[in-house]
Number of protein chains: 2
Amino acid sequence: MGRPERDADQLHREVRDRLKGADQIYTSGRQRLIEMLDESGRPITIPELLAPHPDVALSSAYRNLAVLEQVGVVSRIVSGGEHARFELAEEVVGDHHHHLICQSCGRVDDFTVPSSVERTIERALAEAASDSSFVAESHRLDLVGTCGACATATGT
Amino acid sequence: MGRPERDADQLHREVRDRLKGADQIYTSGRQRLIEMLDESGRPITIPELLAPHPDVALSSAYRNLAVLEQVGVVSRIVSGGEHARFELAEEVVGDHHHHLICQSCGRVDDFTVPSSVERTIERALAEAASDSSFVAESHRLDLVGTCGACATATGT
DNA sequence: ATTTATGCAAATCGTTTGCAAACCT
DNA sequence: AGGTTTGCAAACGATTTGCATAAAT
């Protein structure tokens, strides 16, 4: 059920600082969004995000998530479904992870690979990109398949 | 300028067969789309695709690309830009590749990594996914950065 | 002839934006 | 007060769809 208190406090501090750095205010609405994202623990869509909080305006959610994305505390991931998904940015959470994308229900979960593999991938990518004039900044590695719930509902 | 003739012929045969298998017809409109995609050699948006062919109806392009995607000869990739992008499916072209995504202009190019690395990645992913009840089917590995043209325009 | 694909125009739906009221300092 | 954020409603834009026509078998 969420993460320890001090993590949350630190998270909020970090977000506030980032916003301040961009001359933006950490309003209560934004705070709520950050908390919802933190509780979710995986990339979720805005409808999912707002369902338990009917008083949060849709437009404010979009606007604030855009702001939070610009200051680098939230990242938007697209993955093909009808809604974009949002999660706390890697920089803020302090981990580098990838995504399990369920092609049946659209659910997205985070996962990590051993850092040795991560390094292997990075090296290979750097080399592959060096062929072209492309300047790589980051990579994105997703697994596409069927999540547990959908596999049970279908296969078994 | 495109690929050798016999490849194209084989491509068309393959597409026709796949469509036939789904009780669909390989109409001239669909043939044109396949040719355009083949010539492009990288994932392109529908506007890009149709720009040189103003007589092709937008709705037909969308409809036909959806059909072609369903029978597995075209794949749609999303990557965050405003338009989805389409390319000939790996199954049809016969290679497994990844994408270089320019975050400045949205351009997407294909690239491949050595098969040894590909295997490493696959192994690591299989293991990582085995923790959860997720059933992986394929993976997606993209490099995000700046393409040559945009790098020149900005940095140099 | 009958079935399927096409093109146009209208509808859809996620997301964005204009504007006036509410908020914070 | 002065500047910002919020909420509502309207606008936007990519994609989809209804329907009548054209094409293919």
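Each chain gets a letter, A, B and so on, in the order its sequence line appears, and its residues count up from 1. What you see is a predicted model, and the numbers here were worked out from it, not measured in a lab.
As a whole-Å value, the separation of A:L49 CG from C:dG14 P is 15 Å. Whole-Å rounding puts the A:D55 CG to D:dC8 C1' distance at 15 Å. Note: CD (B:Q70) to P (D:dT16) measures 10 Å, nearest angstrom. One can place CG of B:L33 at 14 Å from C1' of C:dG7, the figure rounded to the nearest angstrom. The interatomic distance linking A:K20 (NZ) with C:dC24 (P) rounds to 15 Å, in whole Å. Counting to the nearest Å, the C1' atom of D:dG7 and the CG atom of A:L65 are 16 Å from each other. For the pair A:D23 CG and D:dT5 P, the interatomic distance rounds to 10 Å; values are reported in whole Å. What separates CG of A:L19 from C1' of C:dC24 is a distance of 15 Å, to the nearest Å.
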request  = Tell me, with the steps shown, if A:H139 and A:H96 meet side-chain hydrogen bond (donor to acceptor under 3.5 Å, both in side chains).
outcome  = CA-CA 10 Å; A:H139 70 260; A:H96 172 55; 3.2 Å; yes
Test salt bridge (charged side-chain N to carboxylate O under 4.0 Å, His left out) applied to A:R140 and A:D142, step by step = CA-CA 7 Å; A:R140 218 153 56 181; A:D142 304 323; 5.1 Å; no
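DNA chain D is contacted by both B:E82 and B:S28; B:E82 maps to the nucleotide lying nearer its 5′ end (nearest heavy atom per residue). Both B:S59 and B:R30 sit near DNA chain C, but only B:R30 has its closest nucleotide nearer the 5' end. Both A:R63 and A:I46 lie close to DNA chain C; mapped to their nearest nucleotides by heavy-atom distance, the more 5′-ward contact belongs to A:I46. Between B:T27 and B:H83, the residue whose closest nucleotide on DNA chain D is further toward the 5' end is B:H83.
Atom CD of B:E127 sits in a sparse spot, with 12 or fewer heavy atoms from other residues, nucleotides or ligands closer than 6.0 Å.
For the OP1/OP2 pair of C:dT6 and a distance below 4.0 Å, the side-chain nitrogens and oxygens of B:N64 include at least one atom meeting the criterion. Of the side-chain N and O atoms in B:Q24, one or more sit less than 4.0 angstrom from OP1 or OP2 of C:dA5. Considering only side-chain N and O atoms, B:Y62 lies under 4.0 angstrom from the phosphate OP1 or OP2 of D:dT15.
Of the candidates D:dT15, C:dG7, C:dA5, C:dA5 carries the atom nearest the B:I25 side chain, counting heavy atoms from C-beta on.
The CZ atom of B:R30 lies 9.0 Å from the CG atom of B:L33; values are rounded to the nearest 0.5 Å.
Residue B:A66 is classed as having no contact, given no heavy-atom separation below 4.0 Å to the nucleic acid.
In summary, the side chains of B:E48 and B:H83 do not present any donor paired with an acceptor at a separation below 3.5 Å, with no hydrogens or angles considered.
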